[in-house]
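To start, the structure itself, in structure tokens.
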Number of protein chains: 2
Amino acid sequence: MPADRLSLIFSALADPTRRAILARLSEGEATVNELAEPFDISLPAISRHLKVLENAGLISRSRNAQWRSSKLEAGPLREATEWMEKYKRFWDASFIRLDAHLRKIQNDPEDPGAKQ
Amino acid sequence: MPADRLSLIFSALADPTRRAILARLSEGEATVNELAEPFDISLPAISRHLKVLENAGLISRSRNAQWRSSKLEAGPLREATEWMEKYKRFWDASFIRLDAHLRKIQNDPEDPGAKQ
DNA sequence: TGCATATTTAACACATCAGTTAATTAGCTG
DNA sequence: CAGCTAATTAACTGATGTGTTAAATATGCA
């Protein structure tokens, strides 16, 4: 049971339809029907995707007459990015080269540059 | 069915146990038993979490005698971060202020600052 | 070979997810 | 109010996810 925020965020992002909805919302607010238009799935399905996004805090919703407008809220994306950035040093090539260099100059036996 | 890379990555990250495993691996390679130690779940469960992480490309594995060592591979995290960064302008407050300012000085009718 | 250790696979249970269609709620308008 | 449009909820289905225990596999060693 993913009660924690990050799990909610990541699992909301794990669905391609939901990511497409977010992409659409990055161009501006939209109603449920507008959001549903590009997809080949039913309106209730879209409605539930929106609920998932809302529960994750990725969108907020407002009512205007019978239309419910969705708006992108990027705070959770920032949260998720911050979590990932703890790992940035593992994909930063310059870090890796620096690391290899430091190991080399101190003759570290685990020097990954010493691969056979 | 999340066949696309990003879906695999995000759903791998959606589980707190798997995120904890990645955190552990950021301190160095580890065997299945070592990875399982902090958790209150069975070894087969851990084994399957590792398979999910491996399928997402988040770890690689090597065999050394009867031990299978897991190693963090951060490439997918970079991919995911890059996807999220398309939304960076939505969470960057200074961008929002700049955007409002630009709209205002050019009397854009859609000026969000003109909300009632 | 035969046992011990490390890990995976099999078989199962149960919960959640993503979709459907049908019915319902909400708000506008003639 | 009746009817229209927008959207959600209900009830159901099938697939997937996460856990279990028991059995199988892989490797090293006496």
Side-chain angles (χ1 to χ4, degrees), chain A residues 1-25 28-72, chain B residues 1-22 24-25 28-72 76:
Chain A
M1 59 293 278
D4 63 292
R5 275 191 75 64
L6 272 177
S7 296
L8 281 179
I9 295 167
F10 283 128
S11 64
L13 295 177
D15 184 280
T17 301
R18 288 194 288 264
R19 290 199 306 278
I21 288 173
L22 292 180
R24 165 65 186 80
L25 290 177
E29 303 192 21
T31 66
V32 179
N33 265 295
E34 287 167 350
L35 291 172
E37 196 276 326
F39 302 103
D40 206 24
I41 61 180
S42 67
L43 219 47
I46 297 291
S47 189
R48 302 216 308 200
H49 279 307
L50 292 175
K51 178 156 291 181
V52 172
L53 290 169
E54 188 176 24
N55 285 339
L58 285 158
I59 64 171
S60 61
R61 317 182 71 184
S62 58
R63 182 188 283 290
N64 192 339
Q66 67 256 231
W67 294 276
R68 310 204 65 186
S69 177
S70 294
K71 178 171 172 254
L72 179 64
Chain B
M1 59 292 279
D4 64 291
R5 275 192 75 64
L6 272 178
S7 296
L8 281 179
I9 296 166
F10 283 129
S11 63
L13 296 177
D15 185 281
T17 301
R18 287 193 290 264
R19 290 199 305 279
I21 288 174
L22 292 180
R24 165 63 186 80
L25 290 177
E29 304 194 19
T31 66
V32 179
N33 264 296
E34 288 167 349
L35 289 171
E37 195 276 325
F39 302 104
D40 204 24
I41 61 183
S42 68
L43 220 46
I46 296 292
S47 189
R48 302 213 313 196
H49 279 306
L50 293 175
K51 178 156 290 181
V52 171
L53 291 169
E54 188 175 25
N55 286 339
L58 285 158
I59 64 171
S60 61
R61 316 182 71 186
S62 59
R63 181 189 285 287
N64 192 339
Q66 67 255 234
W67 295 274
R68 308 205 65 187
S69 175
S70 295
K71 178 171 171 254
L72 180 63

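Within every chain, numbering begins at 1; the chains are lettered A, B, ... in the order of the sequence lines, protein sequences first and strands thereafter.
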Send over the distance from [X] [atom1] to [N] [atom2], rounded to a whole Å.
X       : N      : atom1 : atom2 : answer
B:Asp40 : D:dG19 : CG    : P     : 11 Å
A:Phe39 : C:dT20 : CZ    : P     : 13 Å
B:Phe10 : D:dT16 : CZ    : P     : 21 Å
B:Glu54 : C:dT9  : CD    : P     : 10 Å

Which residues pass the salt bridge (charged side-chain N to carboxylate O under 4.0 Å, His left out) test with A:Arg48, sequence neighbours left out?
none
Can you sort out the partners of A:Arg19 under salt bridge (charged side-chain N to carboxylate O under 4.0 Å, His left out), two or more places apart, ordered by chain and number?
B:Asp4
Protein proximity profile, nucleotides 6-15 of chain D - base contact B, sugar-phosphate-only contact S, no contact -, cut-off 4.0 Å on heavy atoms
SSBB-B----
With respect to the phosphate group of D:dT20, does any side-chain polar atom (N or O) of B:Ser42 fall under 4.0 Å of OP1 or OP2?
yes
Ignoring backbone atoms, establish whether B:His49 has a side-chain N or O less than 4.0 Å from OP1 or OP2 of D:dG17.
no
A:Ala45 side-chain proximity, nearest of C:dG19, C:dG27, D:dG19
C:dG19
Would you find a donor on one side and an acceptor on the other, under 3.5 Å apart, between the side chain of B:Ser7 and the backbone of A:Ala14?
yes
Given the options A:Leu58, A:Leu53, A:Leu25, A:Ile21, A:Leu72 meets side-chain contact (heavy atoms from CB on, under 4.5 Å) only with A:Leu25
Between A:Leu22 and A:Leu13, is a side chain to side chain contact (heavy atoms under 4.5 Å, CB included) present by the stated rule, with each step listed?
CA-CA 9 Å; A:Leu22 292 180; A:Leu13 295 177; 3.6 Å; yes
Point-to-point distance, once rounded to the nearest 0.5 Å, from CD of B:Glu54 to OG of B:Ser70
7.5 Å
